[in-house]
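These numbers come from a predicted model, not from an experiment. Just so it is clear, the values below take in all heavy atoms, side chains as well, and ignore hydrogens, waters and symmetry mates.
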Amino acid sequence: MKYVLSLLFFLLLTVIGSSQSLTGEQLLERAIAYHDPQGNWETFNGTLYVSMETPNAPKRNSKIQINLPQEYFQVEATQGDKTTGYKLDGEQCTIALNGKTDLSPSDLEENNLSCERTTLYKNYYTYLYGLPMKLKDPGTYIDPVVEQVNFKGKDYLRLKVTYDEAVGTDIWYFYFDPKTYAMEVYQFYKGDPADQGKDTGEYILLEGEEVISGIRMPKNRAWYYNKGDKYLGTDFLRTNR
């Protein structure tokens, strides 16, 4: 019995030591191996159906088409009686409102429609659903130190990520399960959280998975403000309508 307890203690120390000795890049590689074991993200061509529920607002249902090799992106979103469409085919931008693409300048202004917003949506959806693989993009800096932290009652390995100013100025943290390396939380601040940024930004809790094109993507994403834990809304990912 004493031998068994000693062996278990040794194995525990080995696991803990292994986690502590991981560099940021090594943790990222293990997380990518979990979420995209076949390396499919670079050639991703698929359709995502996302429903977003927020307090005091109608549900928004979106159909998102991403074809990375062809540099094609399209999102069609319906909320209430309005349907908006944004498409980027290479550098060609198309905007639609309730199926109409011949829009006047007043239509565009009143509904906040623009090609700049189209690019914003492309970057937003490909970043969030391409995580953690997108952390290999140029201009991304992985902190070499991996922290062991407890967040909302669970232990995680936490990775700090910053970016070139041209890419983004927010400071991001990614929380991975210490056994599977699954990404379960991410969080960002508008500045250093140890200083003036501590009451800014949001955290996102990930629950469940959908396997799309061999990639494990978060099924549900619940958004909260860092300050006060105020609930903002939840995205629900589906593989069909």
Side-chain angles (χ1 to χ4, degrees), residues 19 24 27-28 31 35 48-62 64 75 77-80 82 84 111-112 116-117 120-132 134-135 140-143 145-165 167-210 216-238:
S19 298
L27 175 57
L28 177 57
H35 285 279
L48 313 176
Y49 297 91
V50 178
S51 295
M52 184 173 185
E53 297 182 4
T54 55
N56 306 316
K59 181 188 295 186
R60 186 178 71 197
N61 295 315
S62 300
I64 305 153
V75 56
T78 300
Q79 187 172 31
K82 182 188 295 185
T84 55
N111 293 280
N112 196 21
E116 289 79 7
R117 195 168 183 82
L120 183 151
Y121 276 126
K122 175 188 177 183
N123 293 339
Y124 173 82
Y125 283 115
T126 54
Y127 179 78
L128 290 184
Y129 286 105
L131 288 171
K134 291 288 287 178
L135 299 182
T140 306
Y141 297 101
I142 307 300
D143 194 298
V145 178
V146 174
E147 298 178 286
Q148 295 191 34
V149 300
N150 186 285
F151 188 79
K152 304 299 179 185
K154 181 172 178 178
D155 293 331
Y156 291 103
L157 300 179
R158 187 170 75 172
L159 186 66
K160 180 181 178 181
V161 177
T162 55
Y163 297 90
D164 273 344
E165 188 172 345
V167 177
T169 57
D170 294 345
I171 297 175
W172 284 73
Y173 293 89
F174 296 86
Y175 297 72
F176 300 98
D177 183 281
K179 295 180 180 179
T180 66
Y181 305 106
M183 181 180 64
E184 296 187 357
V185 183
Y186 41 80
Q187 182 177 37
F188 67 90
Y189 293 89
K190 302 287 185 180
D192 190 337
D195 191 15
Q196 70 273 14
K198 63 181 179 180
D199 290 330
T200 67
E202 301 164 12
Y203 65 88
I204 300 90
L205 304 181
L206 311 177
E207 180 182 28
E209 295 176 345
E210 286 282 3
R216 293 186 175 106
M217 296 184 179
K219 183 178 179 66
N220 303 327
R221 297 182 304 168
W223 298 72
Y224 299 83
Y225 280 131
N226 287 320
K227 184 177 181 179
D229 295 312
K230 181 181 177 181
Y231 172 69
L232 297 173
T234 302
D235 297 334
F236 301 92
L237 173 64
R238 307 184 309 280

| request: Evaluate the criterion side chain to side chain contact (heavy atoms under 4.5 Å, CB included) for residue pair L205 and E207; output intermediate values, then yes/no. | output: CA-CA 7 Å; L205 304 181; E207 180 182 28; over 6 Å; no

| said: Measuring from atom CE of M183 to atom CG of L28, what distance do you get when rounded to the nearest 0.5 angstrom? | reply: 10.5 Å

| Thinking salt bridges, do D229 and K152 make one under a 4.0 Å N-O criterion? | yes

| query | What is the distance from atom CZ of R238 to atom CG of L48, rounded to the nearest 0.5 Å? | reply | 10.5 Å

| Considering only heavy atoms from C-beta outward, does the side chain of K82 approach that of N111 to under 4.5 Å? | yes

| Heavy-atom check, side chain of M52 versus side chain of S62, under 4.5 Å | no

| From Y189 OH over to I171 CD1, what is the distance, rounded to the nearest 0.5 angstrom? | 10.0 Å

| said: Take a 6.0 Å sphere around NZ of K190 and say whether it holds more than 12 heavy atoms from other residues, nucleotides or ligands. | reply: no

N/O donor to acceptor pairs below 3.5 angstrom from side-chain atoms of residues 220-227, sequence neighbours left out:
from: R221; atom 1: NE; to: D235; atom 2: OD2; distance (Å): 3.4
from: R221; atom 1: NH1; to: Y186; atom 2: OH; distance (Å): 3.4
from: R221; atom 1: NH2; to: Y129; atom 2: OH; distance (Å): 3.4
from: R221; atom 1: NH2; to: D235; atom 2: OD2; distance (Å): 2.6
from: W223; atom 1: NE1; to: D235; atom 2: OD2; distance (Å): 3.3
from: N226; atom 1: OD1; to: Q187; atom 2: NE2; distance (Å): 2.9
from: N226; atom 1: ND2; to: F188; atom 2: O; distance (Å): 3.0
from: N226; atom 1: ND2; to: T200; atom 2: O; distance (Å): 2.8

| field | Y163 versus D170, closest heavy-atom pair with distance | value | CD1-O, 4.0 Å

| said: On a heavy-atom basis, which atom in Q79 and which in P58 lie closest, and how many Å separate them? | reply: NE2-O, 2.9 Å

| task | Take T140 and V161, measure what side chain to side chain contact (heavy atoms under 4.5 Å, CB included) needs, and give me the verdict at the end. | result | CA-CA 7 Å; T140 306; V161 177; 3.5 Å; yes

| Pair Y141-L135, side chain to side chain contact (heavy atoms under 4.5 Å, CB included): steps then yes or no | CA-CA 8 Å; Y141 297 101; L135 299 182; over 6 Å; no

| said: Determine whether L157 and F174 satisfy the following criterion, side chain to side chain contact (heavy atoms under 4.5 Å, CB included), listing intermediate values before the conclusion. | reply: CA-CA 8 Å; L157 300 179; F174 296 86; over 6 Å; no

| query | In Å and rounded to the nearest 0.5 Å, what is the CG to OH distance from D143 to Y173? | reply | 8.0 Å

| request: Over all heavy atoms of both residues, which pair between P193 and K198 is shortest? Give the atoms and the distance, please. | output: O-CB, 2.9 Å

| query | Considering residues at least two apart in sequence or located in another chain, which fulfil the ring-ring contact (aromatic ring centres under 6.0 Å, His included) criterion with Y175? | reply | F151, Y156

| request: Quick one: pull up CE in M217 and CG in L128 and give me the separation to the nearest 0.5 Å. | output: 11.0 Å

| task | Heavy atoms only: give me the nearest L237-P218 pair and the separation to one decimal. | result | CD2-O, 3.4 Å

| message | Looking at every heavy atom in both A57 and T54, which two are closest together, and how far apart are they? | response | CB-OG1, 3.2 Å

| note | Separation between NZ (K160) and CD (E147), nearest 0.5 Å, reads 8.0 Å

| Side-chain heavy atoms of L27 within contact of Y181, under 4.5 Å | yes

| remark: Taking every heavy atom of K59 against every heavy atom of E53, the minimum-distance pair comes out as CE-OE2, 3.3 Å

| message | With a 3.5 Å distance limit and no angle check, can you tell me whether Q148 reaches the backbone of D155 through a side-chain donor-acceptor pair? | response | no

